[in-house]
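Being a predicted model, the structure only gives us computed values, none of them experimental.
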Amino acid sequence: MIRGVRGAITVSENNEEQIVESTERLLREMIRLNNIVPEQVASVFISATNDLNACFPAKALRNIEGWKYVPVTCMQEIAVEGALEKCVRVMMHINTEAAQKDICHVYLEKAKILRPDLVDK
């Protein structure tokens, strides 16, 4: 069964090194909280706000052992009112028997949630 894990992190600077480091920290926290192993990951979708370079966050996956062949899509977000902070958002699809309600979503450094209706109550 494929489940979705969401996460987001704010980024203080618009430079490649800082964006990659922040994204890697977010991914590692998503992995830790959900006990994810590389073989469980079906795909990763990464989006960055308009003021960040969309191609940088995907480089963070190269630093995570076993993720070399994980399919990754990376794109720049369409501007949404009230959500234009520097932010990287991740949607990871994993093969797990855990119920969606038991999946831990990760929002670091006060990252805004674009779809509050999708947040677990």
Side-chain angles (χ1 to χ4, degrees):
M1 307 180 91
I2 295 181
R3 302 286 187 230
V5 182
R6 294 182 297 277
I9 187 169
T10 52
V11 180
S12 59
E13 297 177 34
N14 188 7
N15 68 65
E16 180 173 352
E17 184 177 338
Q18 211 271 335
I19 294 169
V20 172
E21 186 276 329
S22 296
T23 306
E24 182 179 345
R25 189 155 40 95
L26 172 63
L27 290 166
R28 290 192 186 280
E29 190 66 5
M30 293 169 75
I31 291 165
R32 183 186 70 79
L33 286 174
N34 293 287
N35 299 310
I36 297 170
V37 296
E39 292 75 24
Q40 288 179 309
V41 181
S43 65
V44 178
F45 177 80
I46 301 175
S47 65
T49 52
N50 285 319
D51 54 354
L52 297 177
N53 189 320
C55 67
F56 293 162
K59 295 180 180 180
L61 276 80
R62 297 178 188 166
N63 299 326
I64 299 177
E65 188 174 353
W67 283 42
K68 184 176 180 181
Y69 300 107
V70 172
V72 180
T73 302
C74 196
M75 66 172 284
Q76 210 142 31
E77 291 180 7
I78 297 171
V80 175
E81 186 177 347
L84 295 179
E85 63 185 310
K86 289 179 171 61
C87 189
V88 174
R89 294 181 178 85
V90 172
M91 179 65 172
M92 185 186 308
H93 297 99
I94 57 173
N95 294 305
T96 178
E97 294 181 4
Q100 185 67 54
K101 66 181 180 63
D102 296 324
I103 297 292
C104 296
H105 305 297
V106 180
Y107 296 93
L108 301 178
E109 298 173 0
K110 301 179 181 177
K112 291 180 183 175
I113 302 166
L114 276 179
R115 294 283 306 275
D117 55 308
L118 295 179
V119 177
D120 302 325
K121 306 293 183 208

Those residues that, when tested against Gln18, pass side chain to side chain donor-acceptor pair (under 3.5 Å) (two or more places apart) |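 Gln18 satisfies side chain to side chain donor-acceptor pair (under 3.5 Å) with Ser12, Ser22 once adjacent residues are dropped.
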Applying side chain to side chain donor-acceptor pair (under 3.5 Å), name anything that partners Asn53, two or more places apart in sequence or on another chain.
->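 With sequence neighbours excluded, Asn53 shows a side chain to side chain donor-acceptor pair (under 3.5 Å) to no residue whatsoever.
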Measuring from atom [atom1] of [X] to atom [atom2] of [Y], what distance do you get when rounded to the nearest 0.5 angstrom?
{"X": "Thr23", "Y": "Arg25", "atom1": "OG1", "atom2": "CZ", "result": "9.5 Å"}
{"X": "Ile36", "Y": "Ile31", "atom1": "CD1", "atom2": "CD1", "result": "6.5 Å"}
{"X": "Glu109", "Y": "Ile9", "atom1": "CD", "atom2": "CD1", "result": "4.0 Å"}
{"X": "Arg89", "Y": "Thr10", "atom1": "CZ", "atom2": "OG1", "result": "10.0 Å"}
{"X": "Phe56", "Y": "Asn14", "atom1": "CZ", "atom2": "CG", "result": "7.5 Å"}
{"X": "Cys104", "Y": "Asn34", "atom1": "SG", "atom2": "CG", "result": "5.0 Å"}

Please report the closest heavy-atom contact between Pro38 and Gly66, naming both atoms and the distance.
->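 Closest approach of Pro38 to Gly66, heavy atoms only: CB-O, 3.4 Å.
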With sequence neighbours excluded, give me every side chain to side chain donor-acceptor pair (under 3.5 Å) pair touching residues 61-74.
->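 Matches after skipping sequence neighbours: Glu24-Asn63.
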Do [X] and [Y] belong to the same hydrophobic cluster, where Ile, Leu, Val, Met, Phe, Trp and Tyr are linked whenever their side-chain heavy atoms lie under 4.5 Å apart, directly or via other members?
{"X": "Ile103", "Y": "Leu108", "answer": "yes"}
{"X": "Ile94", "Y": "Ile64", "answer": "yes"}
{"X": "Met75", "Y": "Leu27", "answer": "no"}
{"X": "Tyr107", "Y": "Met91", "answer": "no"}

Stepwise side chain to side chain contact (heavy atoms under 4.5 Å, CB included) test for Val70 and Met92 | CA-CA 10 Å; Val70 172; Met92 185 186 308; over 6 Å; no
Check whether any side-chain heavy atom of Ile19 lies under 4.5 Å from a side-chain heavy atom of Lys86, and answer yes or no.
->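 No. Closest side-chain heavy atoms not under 4.5 Å.
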Could you check Val5, Val72, Leu61, Leu26 and say which one makes a side chain to side chain contact (heavy atoms under 4.5 Å, CB included) with Val90?
->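 Per the side chain to side chain contact (heavy atoms under 4.5 Å, CB included) rule, the option paired with Val90 is Leu26, out of Val5, Val72, Leu61, Leu26.
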Side-chain (Arg3) to main-chain (Ala98) donor-acceptor, under 3.5 angstrom |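 Yes, Arg3 side chain to Ala98 backbone: donor-acceptor pair under 3.5 Å.
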Any sub-3.5 Å donor-acceptor pair from Thr49's side-chain atoms to Cys87's backbone N or O?
->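 Flag set: sc Thr49 to bb Cys87 pair under 3.5 Å.
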